[in-house]
S.K.: 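This is the structure I want to talk about, given as structure tokens.
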Amino acid sequence: MSVQGRLFARYLQDLPAGKLEWIGLRPARKVPMEVVSVAKAIPGFGLEGDRRCQGSEGSARQVTVISVEYIDIITRLLKKEGIDPAVLRRNLVVSGINLTALRHQRFQIGECVFEATALCHPCLRMEQALGKNGVSAMLGHGGLCTKIISGGSITVGDSVEHLGPAPG
């Protein structure tokens, strides 16, 4: 394990739990998201009903996660009253946990174990969705890309528990 990995492992062992606040599925490209209260996570693919689940197995971007706290920052940077999570096209919205600290870590939501693989950078569509400076407001606040290690059901209100560093 790298020096940084050991440091993170030491300080993240007591990371407080968060909460799953919102679930959205993208049935296809450029169509409105479907907001659901329960979703089935399929290991190696994504959330049932989401377009990512129809792709090839093993993608590092099976499920995208953003936090309420990041959405609040984006909202303030754009001087808006609020932003509907569906506009950001992320699958899960969580609260009360530091998403940046979960990078390259495993965490559990409901019955499922996820592994954060990379930062989820904004695409140019965010400029259209959020207006001028939408992409720049999301830089560093776009959330995480994850893959599903262990599948099952997730439900709005489930806790988000840090499990430890991803192997390797």
Side-chain angles (χ1 to χ4, degrees), residues 8 12 15-74 83-126 129-130 135 138-168:
F8 281 178
L12 295 180
L15 193 64
K19 180 179 172 187
L20 179 59
E21 301 285 350
W22 185 92
I23 303 170
L25 305 175
R26 301 163 297 196
R29 292 177 60 84
K30 299 182 181 182
V31 300
M33 292 191 78
E34 293 179 10
V35 180
V36 297
S37 58
V38 178
K40 181 179 178 184
I42 302 170
F45 288 97
L47 299 178
E48 188 173 71
D50 188 77
R51 74 177 189 88
R52 289 279 179 184
C53 198
Q54 301 160 8
S56 54
E57 185 174 4
S59 166
R61 189 184 172 123
Q62 296 165 19
V63 177
T64 53
V65 184
I66 193 167
S67 69
V68 167
E69 293 81 2
Y70 283 177
I71 295 172
D72 289 345
I73 291 169
I74 297 163
I83 296 174
D84 178 357
V87 170
L88 302 176
R89 303 200 57 82
R90 303 304 191 252
N91 296 116
L92 307 178
V93 177
V94 300
S95 66
I97 194 160
N98 182 345
L99 276 189
T100 303
L102 288 181
R103 189 169 178 210
H104 305 299
Q105 303 288 310
R106 287 191 173 178
F107 57 96
Q108 184 166 350
I109 302 175
E111 302 171 347
C112 304
V113 175
F114 297 84
E115 182 176 306
T117 57
L119 298 176
C120 190
H121 300 293
C123 68
L124 294 179
R125 290 192 60 215
M126 291 300 102
L130 297 170
V135 170
M138 285 189 72
L139 288 174
H141 307 108
L144 296 171
C145 298
T146 70
K147 59 184 179 181
I148 301 166
I149 304 302
S150 173
S153 185
I154 58 172
T155 304
V156 169
D158 283 346
S159 66
V160 180
E161 304 275 345
H162 175 250
L163 298 177

S.K.: Please report the closest heavy-atom contact between Ser150 and Pro43, naming both atoms and the distance.
M.R.: C-CG, 4.1 Å
S.K.: Write down the atom of Glu21, the atom of Ser95, and the distance for their closest heavy-atom approach.
M.R.: OE2-OG, 2.5 Å
S.K.: Apply side chain to side chain contact (heavy atoms under 4.5 Å, CB included) to residues Ile66 and Leu88 and explain how you reach the verdict.
M.R.: CA-CA 9 Å; Ile66 193 167; Leu88 302 176; 3.9 Å; yes
S.K.: I want to check something: taking the side chain as every heavy atom from C-beta on, are Pro27 and Glu34 in contact at a cut-off of under 4.5 Å?
M.R.: yes
S.K.: Assess whether side chain to side chain contact (heavy atoms under 4.5 Å, CB included) is satisfied between Cys120 and Arg90, documenting all intermediate values.
M.R.: CA-CA 9 Å; Cys120 190; Arg90 303 304 191 252; 3.3 Å; yes
S.K.: Provide the closest heavy-atom pair for Pro85 versus Val93 in the form atom of the first, atom of the second, distance.
M.R.: CB-CG2, 3.7 Å
S.K.: Kindly determine whether Ile149 and Phe114 satisfy side chain to side chain contact (heavy atoms under 4.5 Å, CB included), including the steps that lead there.
M.R.: CA-CA 5 Å; Ile149 304 302; Phe114 297 84; over 6 Å; no
S.K.: At what distance, to the nearest 0.5 angstrom, does CD of Glu161 lie from NZ of Lys19?
M.R.: 13.5 Å
S.K.: May I have the step-by-step check of side-chain hydrogen bond (donor to acceptor under 3.5 Å, both in side chains) for Asn91 and Arg52, ending in yes or no?
M.R.: CA-CA 10 Å; Asn91 296 116; Arg52 289 279 179 184; over 6 Å; no
S.K.: Where do Met126 and Val87 land on the side chain to side chain contact (heavy atoms under 4.5 Å, CB included) test, with the steps shown first?
M.R.: CA-CA 8 Å; Met126 291 300 102; Val87 170; 5.5 Å; no
S.K.: Would you tell me whether Ser153 and Glu111 have side-chain atoms, one donor and one acceptor, within less than 3.5 Å of each other?
M.R.: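 Result is no, nothing qualifies.
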S.K.: If every non-hydrogen atom of Val156 is compared with every non-hydrogen atom of Val36, which pair is closest and at what distance?
M.R.: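 Taking Val156 first and Val36 second, the nearest heavy atoms are CG2-O, 4.0 Å.
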S.K.: For the atom pair OG1 (Thr100) and NE2 (His141), what is the distance rounded to the nearest 0.5 Å?
M.R.: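 Here the interatomic distance stands at 8.0 Å.
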S.K.: Could you check whether any side-chain N or O of Thr117 sits under 3.5 Å from a backbone N or O of Cys145, counting only pairs where one atom can act as donor and the other as acceptor?
M.R.: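 Side chain of Thr117 to backbone of Cys145: a pair is present.
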S.K.: Calculate, to the nearest 0.5 Å, the distance between atoms CG and OG1 belonging to Asp50 and Thr64 respectively.
M.R.: 7.5 Å
S.K.: Should His162 and Leu102 count as side-chain neighbours, where that means a heavy-atom distance under 4.5 Å?
M.R.: yes
S.K.: Out of Thr146, Leu20, Asp158, which one pairs with Leu92 under the side-chain contact (heavy atoms from CB on, under 4.5 Å) rule?
M.R.: Leu20
S.K.: Could you measure the distance from the CE atom of Met138 to the CD1 atom of Ile73? Nearest 0.5 Å is fine.
M.R.: 11.5 Å
S.K.: Where do Cys53 and Leu47 come nearest, in terms of heavy atoms and distance?
M.R.: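 Heavy atoms of Cys53 and Leu47 come nearest at CB-O, 3.3 Å.
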S.K.: Glu115 pairs by salt bridge (Lys or Arg N to Asp or Glu O under 4.0 Å) with which of Arg103, Arg61, Arg106?
M.R.: Arg106
S.K.: For Leu99 versus Gly143, what's the shortest heavy-atom pair and its separation?
M.R.: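 That closest heavy-atom pairing would be CD1-CA, 4.1 Å.
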S.K.: Return the CG to CD distance between Leu163 and Gln108, rounded to the nearest 0.5 Å.
M.R.: 5.5 Å
S.K.: Look up atom NZ in Lys40 and atom CD1 in Ile154, then write down how far apart they are to the nearest 0.5 Å.
M.R.: 12.5 Å
S.K.: Is it the case that the side chain of Gln62 and the backbone of Ile148 share a donor-acceptor pair, with hydrogens and angles ignored and the cut-off at 3.5 Å?
M.R.: yes
